[in-house]
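Take a look at the structure below.
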Amino acid sequence: MRKAEIGATTALALHSLCAAGLATGYWLSHSLYSSSLITDPAPTLRILTVCEAPVVILLFSWLRRDHDRCSFIKAVARGLIGLPIGALINAFGAIVLGAPVGLKFWPATFYWSMLMSLFTFVPAACVFGASKLDWQQILSYSKPSNIVDYMLSVPAHGAIIGAWLGAWPMPLDWERPWQEWPICVAYGAIAGHLIGMLFSPVLIFLHRRHIRTKTE
């Protein structure tokens, strides 16, 4: 079974490409459509999703766990299938935790859930496919055992924690436009995801150094 072997520098480069996808989406929404998360959350989240989806799916399909049994095209297909599945899971979780369910909120909820799926579910779907053991390890919050696991788990947990922290100002009586759903939650998720992508290569470097120390 042949796996993609990468180091901290490569991980940082791949994460940088993912961040560039988000930056491109934000630039397009601001420059071409004069929209932002605060003024037009649903269209902005749609553009971010459209720009980020191909980057995430293609990069993490290259990092697929078993190169011998899974082709690049199959890994891409797994990512495309995983996108709506992950969106449903994120939307369900958000609604259970108190997200509004009115019809006027559904477009923003849908695109926020799609973006969250790209942050949390799609990368693992591209890499692991239906491997029950790998999914259990990621979902059990156990310590990652290899470099790709760090790339998957740290940014994903960052997005989830960021979204949770971002939801805190929503019920406060500040009457600010950014307190509307899902604006502050989206900002929190994006910020947490970006922080996770910055922190992930550091953990990968420490992980590789620990392995070298043990072997020596």
Side-chain angles (χ1 to χ4, degrees), residues 1-28 45 47-83 85-87 90 114-129 131 134-135 137-139 141-163 186 189-212:
M1 183 183 295
R2 185 167 58 88
K3 302 177 183 179
E5 295 293 339
I6 62 175
T9 304
T10 305
L12 180 61
L14 295 178
H15 282 323
S16 298
L17 290 174
C18 293
L22 289 173
T24 301
Y26 189 81
W27 178 81
L28 287 174
L45 288 169
I47 295 171
L48 289 175
T49 300
V50 170
C51 291
E52 184 72 354
V55 179
V56 171
I57 292 174
L58 292 175
L59 290 181
F60 283 94
S61 294
W62 176 68
L63 294 174
R64 61 196 182 277
R65 178 55 50 91
D66 189 350
H67 280 232
D68 296 328
R69 296 182 182 179
C70 177
S71 67
F72 179 78
I73 299 300
K74 184 178 179 180
V76 169
R78 295 190 310 206
L80 292 173
I81 295 171
L83 180 58
I85 296 174
N90 280 282
M114 293 287 279
L115 188 62
M116 282 296 292
S117 180
L118 290 170
F119 290 165
T120 58
F121 194 85
V122 171
C126 294
V127 174
F128 298 146
S131 175
D134 289 320
W135 278 100
Q137 182 175 350
I138 289 293
L139 296 176
Y141 296 94
S142 60
K143 183 179 179 180
S145 60
N146 59 66
I147 292 171
V148 176
D149 287 355
Y150 278 105
M151 294 185 64
L152 295 172
S153 62
V154 179
H157 285 100
I160 294 171
I161 295 171
I190 293 171
H193 188 65
L194 291 174
I195 292 171
M197 287 195 292
L198 287 173
F199 194 46
S200 173
V202 176
L203 294 178
I204 290 171
F205 173 77
L206 295 175
H207 173 73
R208 290 176 66 92
R209 190 171 69 173
H210 177 68
I211 292 177
R212 286 198 300 268

Open item on the list: Using every non-hydrogen atom in the two residues, find where S16 and L12 come nearest and quote the distance to one decimal.
Closed with: OG-O, 2.7 Å
Open item on the list: Is there a side chain to side chain contact (heavy atoms under 4.5 Å, CB included) between L58 and F72? Walk through the geometry before answering.
Closed with: CA-CA 8 Å; L58 292 175; F72 179 78; 3.7 Å; yes
- [ ] Would you mind reporting whether C18 and F60 have side-chain heavy atoms less than 4.5 Å apart?
- [x] yes
Open item on the list: The test is side chain to side chain contact (heavy atoms under 4.5 Å, CB included); show your working for V50 and M114 and say whether it passes.
Closed with: CA-CA 10 Å; V50 170; M114 293 287 279; over 6 Å; no
Open item on the list: Within the 4.5 Å heavy-atom criterion, are F119 and I160 side-chain neighbours or not?
Closed with: no
Task: S117 side chain to L83 backbone, donor-acceptor under 3.5 Å - done: yes
Task: Rounded distance [0.5 Å steps], CD1 in I147 versus CG in L152 - done: 12.0 Å
Task: Sidechain-backbone polar pair: H67 side chain, W62 backbone, donor-acceptor under 3.5 Å - done: yes
Open item on the list: Can you confirm whether C126 sits close enough to L63 that some side-chain heavy atom of one is under 4.5 Å from a side-chain heavy atom of the other?
Closed with: no
Task: Distance in Å, L17 CG paired with M197 CE, rounded so as to fall on 0.5 Å steps - done: 10.0 Å
Open item on the list: Tell me every residue that passes ring pair (Phe, Tyr, Trp, His ring centres under 6.0 Å) with Y26, counting only those two or more places apart in sequence or in another chain.
Closed with: none
Task: Over all atoms of both residues, closest heavy-atom pair of P155 and H193 - done: O-ND1, 3.2 Å
Open item on the list: Distance check, rounded to the nearest 0.5 Å: S71 atom OG versus D66 atom CG?
Closed with: 11.0 Å
Task: Pairing residues for T10 by the side chain to side chain contact (heavy atoms under 4.5 Å, CB included) criterion, not counting sequence neighbours - done: I6, L14
- [ ] Quick one: pull up CD1 in I204 and NE2 in H15 and give me the separation to the nearest 0.5 Å.
- [x] 6.0 Å
TODO: Indicate the atoms forming the closest heavy-atom contact of T49 with L118, along with that distance.
DONE: O-CD1, 3.8 Å
Task: A159 to T120 - nearest heavy-atom pair and separation - done: CB-CG2, 4.4 Å
Task: C70 side, atom SG; F128 side, atom CZ - distance, nearest 0.5 Å - done: 12.5 Å
Task: R64 versus A75, closest heavy-atom pair with distance - done: CD-CB, 3.8 Å
TODO: Could you tell me which non-hydrogen atom of L22 sits nearest to which non-hydrogen atom of L48, and how far apart they are?
DONE: O-CD2, 3.4 Å
Task: Point-to-point distance, once rounded to the nearest 0.5 Å, from CD1 of I85 to CZ of R78 - done: 12.5 Å
